[in-house]
Every structure is written in structure tokens, then in C-alpha cells.
Amino acid sequence: RNLQNLLILTAIKADRTRVMEYITRLDNYDAPDIASIAIGSELYEEAFAIFKKFDVNTSAIQVLIENVQNLDRAYEFAERCNEAA
């Protein structure tokens, strides 16, 4: 777990192009903490992907509204979450 956290955090600081790849390929990292750091580094799509992957849908929608500033996308995502419930 710590190694995956370190790998993603290092990518956030050193090679942002790899962050999304690590987020999608790895499963054993501290998702809420990594997502918060991603938001702080203005990696909003990456934060959204983390929240979506770990089913933290409220936070995912919050990122779309507050950071990405795309209400249409947030609405569509909320609708998809509603259908799955």
C-alpha cells in the first residue's frame, strides 16, 4: 500500500502524465488522501477518476462541479449512479 501511494505521489510531483495510468492500474492506495492531493495539484480529472473507481460518488460529483466546473457532466454522472442503485 505504501509503495503504491509513493508511486502515485511521486508521479504527481515529477511526471503528471503518468498519474492517470497509475490510478487506473493500481488498486491498493489511500484513495481519499491521494484524491485530495491530486485536487491540490490541480489534477481534477485524476481526482474524479479516483473517486469514481472507489465509488465515492458524492466526492466525484463535487469535483466535477467545483473544480472541473461542468454541471452537465456532473448531472450525467449522477444519473448513471442513480440507475445503478
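The shown structure was predicted, so the numbers you read here are calculated from the model rather than taken from an experiment.
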> Under 3.5 Å, is there a donor-acceptor pair between the side chain of T24 and the main chain of E21?
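Side chain of T24 to backbone of E21: a pair is present.
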> Just how far is it from atom CD1 of I37 to atom CD1 of I8, taken to the nearest 0.5 Å?
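So the gap between those two atoms works out to 10.0 Å.
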> Supply the atom-to-atom distance Y44 OH to E66 CD, rounded to the nearest 0.5 angstrom.
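Going from the OH atom of Y44 to the CD atom of E66 covers 10.5 Å.
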> Taking L71 as the starting point, is it possible to reach L64 by hopping between hydrophobic residues whose side chains are less than 4.5 Å apart?
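Looking at the clustering, L71 is in the same group as L64.
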> Is there a donor-acceptor pair under 3.5 Å between the side chain of N28 and the backbone N or O of Q4?
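No; zero donor-acceptor contacts below 3.5 Å.
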> Linking I/L/V/M/F/W/Y whenever any side-chain heavy atoms sit under 4.5 Å apart, do L26 and L6 land together?
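Unlinked, L26 and L6 end up in two clusters.
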> Quick one: closest heavy-atom pair of I61 and A78, and the distance?
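Heavy-atom minimum between the residues: CD1-CB, 3.7 Å.
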> Quick check for you: to the nearest 0.5 Å, what is the distance between I23 atom CD1 and I50 atom CD1?
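Nearest 0.5 Å value for the CD1-CD1 distance: 3.5 Å.
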> Would you check, one step at a time, whether the test side-chain contact (heavy atoms from CB on, under 4.5 Å) holds for V68 with F48?
CA-CA 9 Å; V68 179; F48 171 74; 5.7 Å; no
> If you count every heavy atom of other residues, nucleotides or ligands that lies below 6.0 Å from R25 atom CZ, does the total exceed 12?
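Not more than 12 within 6.0 Å, no.
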> Please confirm whether the ring centroid of F77 lies under 6.0 Å from the ring centroid of F51.
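So the answer is no for these two rings.
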> Rounded to the nearest 0.5 Å, how far does CZ of R16 lie from OG of S41?
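Here the interatomic distance stands at 5.5 Å.
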> What's the separation between atom CG in L7 and atom CG in L3, rounded to the nearest 0.5 Å?
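Between L7 CG and L3 CG, I get 8.5 Å after rounding to 0.5 Å.
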> Any pair with a residue in residues 43-58 that passes salt bridge (charged side-chain N to carboxylate O under 4.0 Å, His left out), sequence neighbours left out, goes on the list, sorted by first then second residue, please.
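Counting only pairs at least two positions apart or across chains, the salt bridge (charged side-chain N to carboxylate O under 4.0 Å, His left out) contacts touching residues 43-58 are D27-K53, E45-R73.
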> Mind checking whether I39 and I65 sit in one hydrophobic cluster, side chains of I, L, V, M, F, W, Y counted as touching below 4.5 Å?
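Looking at the clustering, I65 is in the same group as I39.
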> To the nearest 0.5 Å, what is the distance between CZ on F54 and CG on D30?
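It is 9.5 Å, given to the nearest 0.5 Å.
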